2 protein chains.
Amino acid sequence: MARRGDTIELAVLGLLHEGPMHGYELRKRLNLMLGWGRVLSYGSLYPALKKMLRANLITEVAATTTPTSRRPRITYEVTEAGNEHFQRLMSEVGPTAWEDDNFDIRFAFFSSTDMEIRLRVLEGRRSRLQERLARVQGELERTQAEVNRYAAELQRHGVESVEREVRWLSDLIRAERGDESRTPAPGAPTGSD
Amino acid sequence: MARRGDTIELAVLGLLHEGPMHGYELRKRLNLMLGWGRVLSYGSLYPALKKMLRANLITEVAATTTPTSRRPRITYEVTEAGNEHFQRLMSEVGPTAWEDDNFDIRFAFFSSTDMEIRLRVLEGRRSRLQERLARVQGELERTQAEVNRYAAELQRHGVESVEREVRWLSDLIRAERGDESRTPAPGAPTGSD
DNA sequence: GTTAGCATGTAAGGAGTTACATGATTTT
DNA sequence: AAAATCATGTAACTCCTTACATGCTAAC
């Protein structure tokens, strides 16, 4: 039922989906991927890996050593069950999926899902942001408004950022829709911006 | 020493600085202020208020009742000690101050600090973001690059957003600097953007 | 040879959420 | 009269961070 903290699990499964990897490397990739903000610590990654091993979602692929006989590193690989679990988590489109972190992770692994899921996640995220915009703008009319210039400026900047993200999502949705078979790459220019 | 979790404390002191308020209202204002993401729950607000009462940072201003004799609400007020603590927290310019949440809170209450502090916080935040940009862009050259179009698009969008925030900060810094006595409001147009 | 980065882990603790519990007041 | 929203709280739990512990390997 995709609880809040399945984020690491999803991320690990997604990365291992691209090929076997050891813990240290997983952490680096993850931090690069979501590095805009919180940084994942060993204290949460390694226990999570252990837990996933016990749950049979991943297996140790024997300790590998690079050419020059380094310290053996424990390389992990997804199992069948792990892949199924990954697919299930990715398909579970619900409130948790639109939250910042969860959305980012899901988006990063979009290549491993169907367009149908992609569209639902993108659209869900977009309406979530639009709701927030509406709520904040409505509330701004009732409250303060003029008092505290800095707080107001922060709000203004926040609204602008969210509006930008909404446009970004709209472009992506449009790209997905017009993608039936042409595949013009998600980063391709689409007119706006 | 401004630990991570002093965020609520700082926020509460900052809001009460503008006038007495009761818990429920504090929560609403806080969520509106930082509402772009996590929402503060009663389970963290009320215990925090209790803790601040014990620490003598705030006092109960007797239960107020509105005209129509409503259920009494416990209204809080900052104490002398509370104001001192607030000023000290705001002046503590250090790594914790540039983190997303902490920065936002500090920025929102900039009116209650000196320009010197404001500049240090703005500049600190800016260099932090620039470091992140440099690190990510450097790392992007070594890793993947072409594999996984969606992950790449997420990175691109992330970089763009951070670059925007850097420009925003630069505008604010410029405004502060040229503010010696003219005070052109932080949201005033400054050329870029 | 010593610093920096690679590599894996554990234990304790912090901060905050969820769920529970209660009840008044306003709106529909 | 019911539903929504105001209003205050507590207890259990979760996730994660910090700090500790260990040792290898590459570069300077």
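Each chain gets a letter, A, B and so on, in the order its sequence line appears, and its residues count up from 1. Treat the numbers as computed from the prediction; the structure is a model and nothing was measured.
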- Taken to the nearest whole Å, CE/B:Met52 to C1'/C:dA15 is 15 Å
- Distance only, no hydrogens: is a donor on one side chain within 3.5 Å (strictly under) of an acceptor on the other, for A:Ser111 and B:Asn148? yes
- Item | Five-pair end axes of the helix from C:dG1-D:dC28 to C:dT28-D:dA1 and the angle they enclose, rounded to 10° | 40°
- Task: Could you identify which residues of residues 11-20 of chain A place a heavy atom less than 4.0 Å from some atom of DNA chain D, listed by residue number, or say none?
- Result: none
- Query: Atom CG of A:Leu30 and atom P of D:dC16: how far apart are they, to the nearest Å?
  - Reply: 11 Å
- Query: What do the steps show when you test B:Phe86 against B:His17 for ring pair (Phe, Tyr, Trp, His ring centres under 6.0 Å), and what is the final call?
  - Reply: CA-CA 9 Å; B:Phe86 176 69; B:His17 201 254; 5.4 Å; yes
- Message: Could you work out, with salt bridge (Lys or Arg N to Asp or Glu O under 4.0 Å) as the rule, every residue matching B:Glu123, not counting sequence neighbours?
- Response: B:Arg177
- Task: Counting heavy atoms from C-beta on, name the nucleotide in D:dT17, C:dT17, D:dA7 closest to the side chain of B:Ser41.
- Result: C:dT17
- Item | Partners meeting ring-ring contact (aromatic ring centres under 6.0 Å, His included) with B:His157 (sequence neighbours left out) | A:Trp168
- Query: A:Leu40 has a side chain; which of C:dT17, C:dG9, D:dT17 sits nearest to it?
  - Reply: D:dT17
- Message: Rounding to an integer number of Å, can you tell me how far A:Tyr46 OH sits from C:dA7 C1'?
- Response: 5 Å
- Query: Any salt bridge between B:Glu160 and B:Arg164, counting N to O under 4.0 Å?
  - Reply: no
- Could you pull out all residues at least two apart from A:Trp98 that satisfy ring-ring contact (aromatic ring centres under 6.0 Å, His included)? none
- Considering only heavy side-chain atoms of B:Tyr24, the closest of D:dC6, C:dG9, C:dA7 is D:dC6
- Note on the structure: Per nearest nucleotide of DNA chain D, the residue lying toward the 5' end, B:Pro47 or A:Ser44, is B:Pro47
- Between CD of A:Glu60 and P of C:dT8 the distance, given in whole Å, is 10 Å
- Query: Of the options B:Leu40, B:Thr7, B:Val39, which is the one that meets B:Leu30 in a side chain to side chain contact (heavy atoms under 4.5 Å, CB included)?
  - Reply: B:Leu40
- Message: Just the rounded figure in Å: distance from C1' of D:dC6 to CG of B:Leu45.
- Response: 14 Å
- What residues, two or more places apart in sequence or in another chain, satisfy salt bridge (Lys or Arg N to Asp or Glu O under 4.0 Å) together with B:Glu165? B:Arg125
- Query: Hey, does the side chain of B:Thr79 reach the backbone of B:Asn56 with a donor-acceptor pair shorter than 3.5 angstrom?
  - Reply: yes
- Can you figure out which of D:dT8, D:dT17, C:dG9 approaches the side chain of A:Lys50 most closely? C:dG9
- Query: With a 4.0 Å cut-off on heavy atoms, is A:Gly43 in touch with a base, just the backbone sugar-phosphate, or nothing at all?
  - Reply: base
- Query: To the nearest angstrom, how far is A:Glu99 atom CD from D:dC15 atom P?
  - Reply: 13 Å
- In whole angstrom, give the distance that lies between atom CG of B:Asn31 and atom C1' of C:dG16. 13 Å
- Task: Rounded off to whole Å, could you give me the OH-to-P distance for the B:Tyr42 and C:dT22 pair?
- Result: 18 Å
